[in-house]
There are 2 protein chains.
Amino acid sequence: MDEDKSTRVMVRNITDLARLAGVSPGTVSRALAGKSLVNAKTREKIEALAREHGFRPNQMASGLRRQKTGVIGVVIPLGHDTRQQISDSFFMTLLGYLADELTRQGYDLMLRRVVPEEDSDWLDRFIGSGMIDGVIVIGQSDQFDRIEDVADGYGPMVVWGNHTEGQRHCVVGTDNRLGGRMAAERLIAAGAQRIAFLGDTTPMEFAARFAGAQDVATRLGLPPVLALPTHLSPDRASEEIAAHLSAHAGAIDGIFAATDTLAALCLTELRGQGIAVPRDVKLTGFDDLPIARQTVPPLTTVRQDIAAGARGLVDLLLRRLAGETTESLVLPPELVVRETA
Amino acid sequence: MDEDKSTRVMVRNITDLARLAGVSPGTVSRALAGKSLVNAKTREKIEALAREHGFRPNQMASGLRRQKTGVIGVVIPLGHDTRQQISDSFFMTLLGYLADELTRQGYDLMLRRVVPEEDSDWLDRFIGSGMIDGVIVIGQSDQFDRIEDVADGYGPMVVWGNHTEGQRHCVVGTDNRLGGRMAAERLIAAGAQRIAFLGDTTPMEFAARFAGAQDVATRLGLPPVLALPTHLSPDRASEEIAAHLSAHAGAIDGIFAATDTLAALCLTELRGQGIAVPRDVKLTGFDDLPIARQTVPPLTTVRQDIAAGARGLVDLLLRRLAGETTESLVLPPELVVRETA
DNA sequence: AGCTTTCTTGCAAACGTTTGCAACAGAAAT
DNA sequence: ATTTCTGTTGCAAACGTTTGCAAGAAAGCT
């Protein structure tokens, strides 16, 4: 019954509400925005009316006028292997934390996945749309240069990825090279001598992990780490891993997988070929995703603190939004020893 | 050099560009929108100028004027267990496909995770923001009634979840009850008699899976299926599962886990307690996530076609956006027999 | 009583597009 | 030569907010 009365008069905008309240639109705007310059009684009345009619100021209009939208863009550039990240739980988990953190700070999140090869303009297009106040790029993929270009002219951007000496864009990420060293050191400590790196070394993060492992091999005078390029999509990865394993059977006794996902697949293949882990071959992953505890045997891996990463990304972005210039944030990896190495 | 000349004059809006091109803003708008009523030469000139200056019409303004934004809202209601879905790869995978599908259709995706308990107004707030043309709700959680309420007054909404006879909101989802029957039948075919359901039965999807299993038990005159409530967050789940297992040791010989994730954890606990799978206890999961192939032994499970689900959600939403009224879409589950049952 | 000061409010001009309407040119038809 | 048409363009009013400025009222001060 009260229902009826209130729904009869449709309140489409601030002006309608102003008419009902007997004040001017400006006052309504101020009341709803919680500004201090409006009388307590007036505000109460307006708020009550707004509640009763389920009215909310239009964010598009507000955004247009204020020249800010309250929306942060999150973009995931997909490499050549388009489907690659779809199942990559690392990025998805990061996205989850990012969503929580942005929400906590009162921002909305606009998600976009792009294929840079089909659309070289992906980043400018997103930024230039006027829909977002800032942008978080998840993963540099092979777009390092493009990102650098943009960074020169556009402040509010933070990137998840690998930090390179002297780069111009602000990045948050794990110290992949150090992580790579940790993994290799662990493999060796567990008794491995001839180490292979399982994964594509084109993306910067992976290249750094590989380099870290190589550092250790060189330092200790071991044979160089063997790179076994592997796609990330689970279907292709399995066969590729199988092929690698038969090609190098007996020639390697330690495998550093670029990712826990890869490590888990590798473990399955090793089992299939009757190679015992860690007896015959030691294995480490990277990320410490939930799956790392659930493999048999559970995976020794290098942990990335995803939650801290998400917080870092958001924190730096907000600082940049406020006009600060910020340094990159490099997070320490942590070795988690379980049973595969 | 050319660089310089073009960047010196900043083109902030359509009016600036119009001035450069020597035409009116209206013409620029029409040219950039690809309307037919503008002369070919004029259009070319305008497009060239726009390209040269990297100008893109402001989507906020455009959205405001046209009363549509080109953005679809995707909202994930988090149950009481806030952290619950963060690691739930099912929702995250669905989200990935959704992003792809929406992009393909020329829409942007605005992501919001909400905790209904802290904000009973979550759905209206999103819809009323004026920022989105339509909304996809991922998971009914315990918000069935709230969604029903909204559905009456708001057309462009599609929900991922369970279909209930006579409901008013348009839903896309797997036939969970049928899936539950499949799982139970398989457990029984593998030799189980006393079956337990591992998972919280509050969410509708899970309740339906449980009911399906119960159907089968009743039909075959077996003891009723035992509900073992379990949280989804991995940390709590493990202990809870362990507790369940010791409490009912020997009393159950078949476990239907609500989720592959839960099944995988369960498998680990079973192994820990020295219970052989499938010899002592048969086990099935639900979803057929990548992890299902990687457990030891690999998981027998009920497959949901996530890609088809995403396509269905988007397809139905676009139809509704166009004014159609659409029926719900119930997808068939598929039993995938591996080695745990 | 007159003069500041402090609170509240209204007015109107933005923000950057889109689009109905009208105008104009040139071409085609009468 | 007049009319009708077609194809392009410009004009100006929206879309729904926010906010600087000014005005009015109430209250405090001398």
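By convention in this document, chain letters (A, B, ...) are assigned in the order of the sequence lines, proteins followed by strands, and residues within each chain are numbered from 1.
At whole-Å resolution of the value, CG in Asn39(A) and C1' in dG10(C) are 15 Å apart. If you measure from atom CZ of Arg66(B) to atom P of dG16(D), you get 15 Å, rounded to the nearest angstrom. In this structure, the CD atom of Gln59(A) is 12 Å from the C1' atom of dT17(D), given to the nearest Å. In this structure, CG of Asn58(B) is placed 14 Å from C1' of dA14(C), rounded to the nearest angstrom. Residue Leu64(A) contributes atom CG, which lies 12 Å from atom P of dT18(C) at whole-angstrom precision. Remark: C1' of dA26(D) and NZ of Lys41(A) are 14 Å apart, rounded to the nearest angstrom. Rounded to whole Å, the distance from CD1 on Ile46(A) to P on dT8(C) is 13 Å. Spacing between atom CG of Leu32(A) and atom P of dT19(D) amounts to 14 Å, rounded to whole angstrom units.
Between Asp100(B) and Arg104(B) there is no salt bridge, since no side-chain nitrogen of the basic residue lies less than 4.0 Å from a carboxylate oxygen of the acidic one. In summary, Arg146(A) and Asp124(A) engage in a salt bridge, as defined by a charged side-chain N under 4.0 Å from a carboxylate O. Using a 4.0 Å cut-off between a side-chain N of Lys or Arg and a carboxylate O of Asp or Glu, Arg66(B) and Asp133(B) do not qualify as a salt bridge. Residues Glu44(B) and Lys41(B) are not paired through a salt bridge, judged by the lack of any N-O separation under 4.0 Å between the basic side chain and the carboxylate. For the pair Glu148(A) and Arg168(A), the salt-bridge criterion is met [side-chain N within less than 4.0 Å of a carboxylate O].
There is a side-chain donor-acceptor pair under 3.5 Å between Thr326(A) and Arg320(A).
Each of Leu37(B) and Met60(A) was matched to the nucleotide of DNA chain D holding its nearest heavy atom; the match closer to the 5' end belongs to Leu37(B). Heavy-atom nearest nucleotides on DNA chain D were determined for Ala61(B) and for Thr42(B), and the one closer to the 5' end corresponds to Thr42(B).
Side-chain N/O atoms of Ser62(A) include one lying less than 4.0 angstrom from OP1 or OP2 on dT18(D). In terms of phosphate contacts, Gln67(B) brings no side-chain nitrogen or oxygen within less than 4.0 Å of OP1 or OP2 of dT18(C). Distances shown here put every side-chain N or O of Thr27(A) at or beyond 4.0 Å from the OP1 or OP2 atom of dT9(C). Between Lys35(B) and the phosphate of dT19(C), there is a side-chain N or O to OP1/OP2 separation shorter than 4.0 Å.
One N or O donor and one acceptor, one from the side chain of Arg30(B) and one from the base of dG10(D), sit under 3.5 Å apart. Residue-to-nucleotide contacts include a donor-acceptor pair under 3.5 Å from the side chain of Arg65(A) to the base of dT18(D).
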- Message: Set out, in order, the CA-CA distance, both residues' side-chain angles and the distance that settles side-chain contact (heavy atoms from CB on, under 4.5 Å) for Tyr154(B) and Val135(B), then state yes or no.
- Response: CA-CA 10 Å; Tyr154(B) 183 75; Val135(B) 64; 3.9 Å; yes
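Within residues 12-25 of chain B, the residues that have a heavy atom under 4.0 Å from DNA chain C are, in order of number, Asn13(B), Ile14(B).
Nucleic acid contact class of Lys68(B) (heavy atoms, under 4.0 Å, all strands): none.
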